[in-house]
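Residue indices begin at 1 and follow the sequence shown.
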Amino acid sequence: YLSHAEKHDKEHTDSWKAGADGILVFTGLFASALATFVVDSYKSLLPDSAGNTVVLLTQISQQLSNLSNGTQAAAIQVPLHPQSIFQPPASAVCVTALWYLSLVTSLFCALLATLQQHWARRYLRLTQPQCAIHKRALIRAFLYEGAIRFHLPLAVDAIPALLHVSVFLFLAGLVISLFSIHHTIAYIILTATIVCAIVYITITVMPVIHPASPYHSPFS
């Protein structure tokens, strides 16, 4: 029993560690790329101080031009609180929210991946104590029953599912942001995103329709 159990546990924990390693590598690359977009997106939520300066300089120039022509100059009107007047575009708010949510989700996945590695090491350590064989078998059975009861395999599968959600949140924000820049490029990226979503949904549903299908996703 113990030899079979040790082989079974080692296969599963090695799989958990390998999955966590892959998640950490992908999350590092994805988060670094996403951070670049986030840094640029939040600026669209702030008042454009350079634009206000241009408006004031234009007004001053107009005043000087009127004075040189001998016409009476109107008083320059300067908004006392430009921040209270400024309203960011709804698309900018939506894009920034999606990208920040995507970043938080991906970083949370990285945190869960490190916990997953810890769970695997802890499980192996606790199931292989230095004690009598019958006690060791009882401890392993107790811990394995606890892992099944608290749905540890399901939790391990949920981590990459969260990462996939993070990717689609980023793509949704990317499409919305492109529509405010250039419609042609936005439609191209939207088409590519829809194709990717269709492929992903097909991979997810295929095991339900054809149980022998090798294709699978965390949502299957």
Novice: Return the OG to CD1 distance between S220 and I203, rounded to the nearest 0.5 Å.
Specialist: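 S220 atom OG to I203 atom CD1 measures 8.5 Å (nearest 0.5 Å).
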Novice: Applying side-chain contact (heavy atoms from CB on, under 4.5 Å) between L98 and each of L103, L174, L169, report the one that passes.
Specialist: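 Going through L103, L174, L169 one by one, the side-chain contact (heavy atoms from CB on, under 4.5 Å) with L98 is satisfied by L169 alone.
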Novice: Between the side chain of T204 and the main-chain N/O of F219, is any donor-acceptor distance below 3.5 Å?
Specialist: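 It does not hold such a pair.
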Novice: Nearest 0.5 angstrom please: S106 OG to L29 CG, how far?
Specialist: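 That separation rounds to 11.5 Å.
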Novice: Membership question, hydrophobic clusters at under 4.5 Å side-chain separation (ILVMFWY): are V25 and F170 in the same one?
Specialist: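 In one cluster: no.
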Novice: Is there a path of hydrophobic side-chain contacts, each under 4.5 Å between heavy atoms of I, L, V, M, F, W or Y residues, that connects L171 with F26?
Specialist: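 Same cluster.
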Novice: Assigning hydrophobic clusters by single linkage (Ile, Leu, Val, Met, Phe, Trp, Tyr; side-chain heavy-atom cutoff under 4.5 Å), is F37 placed with V39?
Specialist: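 Yes, same cluster.
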Novice: Check the pair T105 / L163 against side-chain contact (heavy atoms from CB on, under 4.5 Å), numbers first and verdict last.
Specialist: CA-CA 7 Å; T105 305; L163 189 57; over 6 Å; no
Novice: Using 0.5 Å steps for rounding, measure from the CZ atom of R122 to the CG atom of L143.
Specialist: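 R122 CZ to L143 CG: 7.5 Å, rounded to 0.5 Å.
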Novice: What residues, two or more places apart in sequence or in another chain, satisfy side-chain hydrogen bond (donor to acceptor under 3.5 Å, both in side chains) together with Y144?
Specialist: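 Scan of Y144 (side-chain hydrogen bond (donor to acceptor under 3.5 Å, both in side chains), adjacent residues dropped) gives none.
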Novice: Would a hydrophobic clustering, with Ile, Leu, Val, Met, Phe, Trp and Tyr connected at side-chain separations under 4.5 Å, put L152 with I139?
Specialist: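 Different clusters: L152 never reaches I139 through Ile, Leu, Val, Met, Phe, Trp or Tyr contacts under 4.5 Å.
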Novice: Surrounding CD1 of I181 (heavy atoms of other residues, nucleotides or ligands, distance under 6.0 Å), is the total greater than 12?
Specialist: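 It does: I181 CD1 has more than 12 such atoms within range.
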Novice: Hey, what do you get for CG (L101) to OG (S166), rounding to the nearest 0.5 Å?
Specialist: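 Rounded to the nearest 0.5 Å, the CG-OG separation comes to 8.0 Å.
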Novice: On a heavy-atom basis, which atom in P218 and which in A161 lie closest, and how many Å separate them?
Specialist: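 Heavy-atom minimum between the residues: CB-CB, 3.5 Å.
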Novice: So, S102 side chain and W99 main chain: donor-acceptor pair closer than 3.5 Å or not?
Specialist: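 Absent.
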Novice: Would you find a donor on one side and an acceptor on the other, under 3.5 Å apart, between the side chain of H182 and the backbone of L178?
Specialist: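 No; judged by distance alone, with no hydrogens or angles, the pair does not exist.
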Novice: Check this for me, if you would: do R149 and E145 make a salt bridge, where the nitrogen-to-carboxylate-oxygen distance has to be below 4.0 angstrom?
Specialist: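 Salt bridge present between R149 and E145.
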Novice: Look at the side chain of H210 and the backbone N and O of M206, then say whether any donor-acceptor pair between them is shorter than 3.5 Å.
Specialist: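 It does not hold such a pair.
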Novice: So do the side chains of H118 and R121 get within less than 4.5 Å of each other, counting heavy atoms only?
Specialist: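 Yes, side chains in contact.
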Novice: Between E6 and E11, does the side-chain contact (heavy atoms from CB on, under 4.5 Å) criterion hold? Intermediate values first, please.
Specialist: CA-CA 9 Å; E6 288 178 359; E11 289 177 353; over 6 Å; no
Novice: G173 and V95: which non-hydrogen atoms are nearest, and at how many Å?
Specialist: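 G173 and V95 have their closest heavy atoms at O-CG2, 3.5 Å.
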Novice: Can a donor-acceptor pair be found, under 3.5 Å and without considering hydrogens, that links the side chain of W16 to the backbone of A120?
Specialist: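 No, W16 side chain to A120 backbone: no donor-acceptor pair under 3.5 Å.
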Novice: Between atom CD1 of I176 and atom OG1 of T96, what is the distance when rounded to the nearest 0.5 Å?
Specialist: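 Reported to 0.5 Å precision, the distance equals 10.5 Å.
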Novice: Any chance the rings of H164 and Y200 have centres within less than 6.0 Å?
Specialist: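 For H164 and Y200, the ring centres are under 6.0 Å apart.
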Novice: On a heavy-atom basis, which atom in A5 and which in R140 lie closest, and how many Å separate them?
Specialist: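 So the two residues come closest at CB-NE, 3.4 Å.
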Novice: With a 3.5 Å distance limit and no angle check, can you tell me whether T27 reaches the backbone of I23 through a side-chain donor-acceptor pair?
Specialist: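 A pair under 3.5 Å: yes.
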Novice: Would you say F168 has more than 12 foreign heavy atoms packed within less than 6.0 Å of its CZ?
Specialist: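 Yes, because the 6.0 Å sphere around CZ of F168 holds more than 12 heavy atoms from other groups.
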Novice: Counting C-beta onward and ignoring hydrogens, is there a side-chain heavy-atom pair between F179 and S91 closer than 4.5 Å?
Specialist: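 In short, these two side chains do not touch, never coming nearer than 4.5 Å.
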Novice: Give, for atom NE2 of H12 and atom NZ of K17, the distance between the pair rounded to the nearest 0.5 Å.
Specialist: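 Separation between the atoms: 14.5 Å.
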Novice: Start with the C-alpha gap between D9 and Q128, add the side-chain angles, then the distance that decides, and say whether side chain to side chain donor-acceptor pair (under 3.5 Å) holds.
Specialist: CA-CA 10 Å; D9 292 342; Q128 298 176 2; over 6 Å; no
Novice: Could you point out which residue of I201, I194, V195 forms a side-chain contact (heavy atoms from CB on, under 4.5 Å) with I198?
Specialist: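 Among I201, I194, V195, the one meeting side-chain contact (heavy atoms from CB on, under 4.5 Å) with I198 is I194.
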Novice: V199 and V205: same hydrophobic cluster, using ILVMFWY side-chain contacts below 4.5 Å?
Specialist: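 Shared cluster, no.
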Novice: Any non-hydrogen side-chain atom of I159 less than 4.5 Å from a side-chain atom of Q116?
Specialist: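 Yes, close enough: below the 4.5 Å cut-off.
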Novice: Determine whether T114 and L111 make a side-chain contact, defined as any pair of heavy atoms from C-beta on separated by less than 4.5 Å.
Specialist: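 Touching, per the 4.5 Å side-chain cut-off.
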Novice: Taking the side chain from T127 and the backbone from L124, do they hold a donor-acceptor pair closer than 3.5 Å?
Specialist: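 Checked: pair present.
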